[in-house]
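Down below is the structure, laid out as structure tokens.
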Amino acid sequence: MLPPTALLFPSSSGNHHNMSFVSFLIILILLFPTLVDADCNPDEKESLLSFATNFPNLNWSATEDCCSWAGISCDDKRYRVIRLSIPDRGLRGVIPSSLQNLTSLSFLNLSCNFLSGPIPDGLFSSFNNLHTIDLSYNRLSGHLPHTWPPTLQMLNLSSNHFDGTIQTTNLQSFQSMITLNISNNSFTGTIPPICTNSPALVNLDFSMNHFTGNIPQGFDACSNLVVLSLGSNRLTGQIPTDISCALSLQHLLLQGNYLMGKIDESITNLTNLRSLVLSDNMLSGSIPHNIGKLSLLEKLELHTNLLNGTLPLSLVNCTKLQLLILRFNSLGGRLSDFNFSGFSQLTKVDLLKNQFSGELPKSLFSCKSLTAIRLARNKLVGEILPDILELPSLSFLSLTGNTFKNLSQALNILSRLGKLTTLLLNSNFFNETLPASGISGFQDLKVMELDGCWLFGQIPIWLMSLTNLELIDLSENNINGKIPGWLQYLPNLFFLDLANNLLSGGLPVELTRLPALATHQVLDQVKNDNFELPMLHVPLNASNLQYNRPASFPPMLDLSHNNLSGDIPVEIGNMKSIQDLDLSNNYFSGTIPSSISNLTNLETLELSYNLLSGEIPTSLTSLNFLSSFNVAYNNLQGSVPTGRQFETFSNQSYEGNPRLCGPPMQKLCSKRPDPSSPPSGHKKGLDMEMIYGPLLGFCFGFGIILTCQLHCMLSERTILPRWIHRYFIWA
Ligand SMILES: *[C@@H]1O[C@H](CO)[C@@H](O)[C@H](O)[C@H]1NC(C)=O
Ligand SMILES: *[C@@H]1O[C@H](CO)[C@@H](O)[C@H](O)[C@H]1NC(C)=O
Ligand SMILES: *[C@@H]1O[C@H](CO)[C@@H](O)[C@H](O)[C@H]1NC(C)=O
Ligand SMILES: *[C@@H]1O[C@H](CO)[C@@H](O)[C@H](O)[C@H]1NC(C)=O
Ligand SMILES: *[C@@H]1O[C@H](CO)[C@@H](O)[C@H](O)[C@H]1NC(C)=O
Ligand SMILES: *[C@@H]1O[C@H](CO)[C@@H](O)[C@H](O)[C@H]1NC(C)=O
Ligand SMILES: *[C@@H]1O[C@H](CO)[C@@H](O)[C@H](O)[C@H]1NC(C)=O
Ligand SMILES: *[C@@H]1O[C@H](CO)[C@@H](O)[C@H](O)[C@H]1NC(C)=O
Ligand SMILES: *[C@@H]1O[C@H](CO)[C@@H](O)[C@H](O)[C@H]1NC(C)=O
Ligand SMILES: *[C@@H]1O[C@H](CO)[C@@H](O)[C@H](O)[C@H]1NC(C)=O
Ligand SMILES: *[C@@H]1O[C@H](CO)[C@@H](O)[C@H](O)[C@H]1NC(C)=O
Ligand SMILES: *[C@@H]1O[C@H](CO)[C@@H](O)[C@H](O)[C@H]1NC(C)=O
């Protein structure tokens, strides 16, 4: 092609001034497009067009210079394509083999598409400069290919469907590799020694696969390794001691495996470590004595292991610590023997379910950055003192399952923590009285758990000022008096658990107007944010152990096991968002309002052990999500509804109502109602309570909750004690 200046010079140097200016313009206009779009190498263009025929979304125009296409970069001579970066373009189908003709590529990013099938054999064998391949977040499958460009420095295959094993031969072409990321696939087999082939390796991510066997030795070759991420696999054996030779390591992430043995003291040689995450394994022994040598440590996550001993005193030298997550271990000692004062950057401390004793450590309250503290299920004693007000950012506080005393003082102090959103104090303060007045503040509080404390008193009026409350659990106490109608003024309350108390009187109509239960809109707004730490609960069906946000809780009203009486108000049909309604084990009388059939989200309806009479409204069969329904031990009559969900309920849902008839009851429905049947079956319910009262006490008194659960479940199938209800919050 003639350079544009060669055409321009003859006319501008001649005498035809008028002509020359016009021709200059004409030539300029003619040439302009080619000036900009000096056409790219036709072979490259053809390869790209052939590549694009597979993907309608790539609207590359054949009439343009391929170097100007979106996602393409060429070399300086605009001749060869060196970068192909088309992530997140909705590309579907297999990787076209025409890609292999773009032999000058150095950078390839096809991530976040819907590419599927295997990586074609030999696809990358003819590349000489390719240093980056990002194919993450696709649907690619098959085995890891053997041949890769020897120049490859970054390979990201994360979040695909690859499987098969990784052989040493797979790694032979990884001589230049710096970042190797095959996380979140289905690779199996053992992990081969990595750094022997790839001495330059800096980031290695094999997490979230199905790797088995031991972590291989050979870390003495890993002098450049900064990130080692092998979490969420099925690795066994001990942490190899030569890992302490990888002196550049900053992030050691081995969580979610079956690793056992001790955390060797030599790990404290890794003085560049910022994250030490070994959670969810079977590691035993104590936390390394010299952990304080890791002075750059920001995250220490060792939760869910078998660690014992105390918090090593040297830990105070980890002054950069932000996360200290040690829950579910057997660590112990007097917590106040440890000096937390130096942790000015600590945001979350979680020591749930250990054996720590003594009082709340005062030094903890000088960690000004703390947003979450969980010391639940330890052996802590004493009172909550005003020092805690030195934590301006504290949002999550869980002290559940210790033996703290003086609830009035505790609430008085904690109510002044302006950022507090989640307060779990359940199973403490035994037999104290819920303060009736004198509490104000708690302006941000969303979740309050005060269940299982056997508290006396009434539902306190100061709750009315907690206008951000979303969840409150006051179950398992000795609260008496009436359910106050003013609860309706808590605009965001969608989870109200008052079960197992001594409440009397009726179900106030005002309660049916709780805005978050009466309209869907409120609920959508309130349930978005996350808890600072995952909230753990004991489920009935042990499948899901943690709730990460309020949204995980169902909209619920539980008034079971009280002394409530009177009719169930017809206005109950207002609570349109409710999923779980439990009024069982009370003295409710009258009929079951048919308005309940307007509660279209209802999944659980428990009305057993009451004095309800009349027929079961057939309109309830329109409740499509109803999966648990129980009206046993009432005084109901007539035929059991049939159809839809009601085909799935057994006679246990109906027993103790002698005048109910039709399947699954044995009694056949006669044409006329039978006036001679005996009335209520409620007496039997009372008998049950007499049996369970002492047993409940026994269980709580000795605190062996899990064992007891099993006992209680085995000994009675129809009525489960309230405290193994599926929303029992454990910490
Ligand atoms: C790619 O190169 C092969 C030969 O290596 C050739 O057969 C094929 O036609 C080329 N494909 C395109 C799209 O240029
Ligand atoms: C090609 O598609 C992109 C988005 O996918 C769009 O921004 C662009 O305008 C399209 N170009 C043409 C020539 O249609
Ligand atoms: C590939 O593109 C995605 C999406 O833009 C981006 O997040 C990712 O960092 C890119 N990969 C590389 C290696 O630059
Ligand atoms: C793939 O991994 C590389 C290196 O870790 C990273 O730069 C890139 O952003 C990752 N790709 C995506 C889509 O996250
Ligand atoms: C893992 O990959 C799946 C798709 O295979 C994806 O949906 C998921 O978000 C990925 N997980 C993470 C943590 O990236
Ligand atoms: C691996 O890739 C995934 C997805 O791109 C990313 O989230 C992760 O941080 C990467 N791992 C490393 C060590 O860079
Ligand atoms: C690593 O730690 C062990 C035990 O703590 C020690 O004996 C050894 O000298 C240390 N090695 C290096 C290289 O610092
Ligand atoms: C910790 O557990 C080990 C067994 O794993 C035991 O030998 C050791 O005595 C225990 N140490 C303490 C302080 O309880
Ligand atoms: C903390 O580090 C200093 C300086 O290295 C050392 O003298 C001190 O003994 C360490 N403290 C503890 C409790 O190990
Ligand atoms: C706790 O550590 C701080 C420094 O972080 C120090 O000033 C204070 O004296 C220590 N307190 C005790 C009781 O050792
Ligand atoms: C609480 O009171 C019950 C009797 O009502 C008693 O059995 C129990 O021991 C008391 N608990 C505490 C911690 O005082
Ligand atoms: C259900 O609600 C509608 C309107 O909200 C009302 O008209 C109807 O009477 C209610 N059904 C019952 C059985 O109460």
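Along the sequence shown, the residues carry numbers beginning at 1. Just so you know, ligand 1 is whichever comes first in the structure, and atom 1 is the first atom listed for that ligand. Computed from a predicted structure; not experimentally measured.
Residue R139 places every heavy atom at 4.0 Å or more from ligand 5.
The closest side-chain heavy-atom distance from F114 to Y137 is not below 4.5 Å. Inter-residue side-chain proximity for M154 and S176 is flagged as unmet; no heavy-atom pair is nearer than 4.5 Å.
In this structure, F187 has its ring center no closer than 6.0 Å to that of F206.
With respect to the salt-bridge test (charged N to carboxylate O, under 4.0 angstrom), the residues D350 and R374 qualify.
Short contacts between ligand 8 and N308, defined as distances under 4.0 Å to a heavy atom of the residue, involve ligand atoms 1 (C), 2 (O), 3 (C), 8 (C), 10 (C), 11 (N), 12 (C), 14 (O). Close contacts of ligand 5 with N184, meaning ligand atoms under 4.0 Å from a residue heavy atom, involve 1 (C), 2 (O), 3 (C), 8 (C), 10 (C), 11 (N), 12 (C), 14 (O).
The two residues L306 and N329 have their closest heavy-atom pair at N-OD1, 3.4 Å. Closest heavy-atom contact between Y258 and M282: O-CE, 3.7 Å.
Under the 2.5 Å cut-off for SG-SG separation, C74 and C66 do not qualify: their sulfur atoms lie farther apart than that.
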Dump all N/O pairs between ligand 4 and the protein below 3.5 Å as a table: atom names plus distance, one pair per row.
residue, atom, partner, partner atom, Å
ligand 4, 2 (O), N156, ND2, 2.3
ligand 4, 11 (N), D134, OD2, 2.8
ligand 4, 11 (N), N156, ND2, 3.1

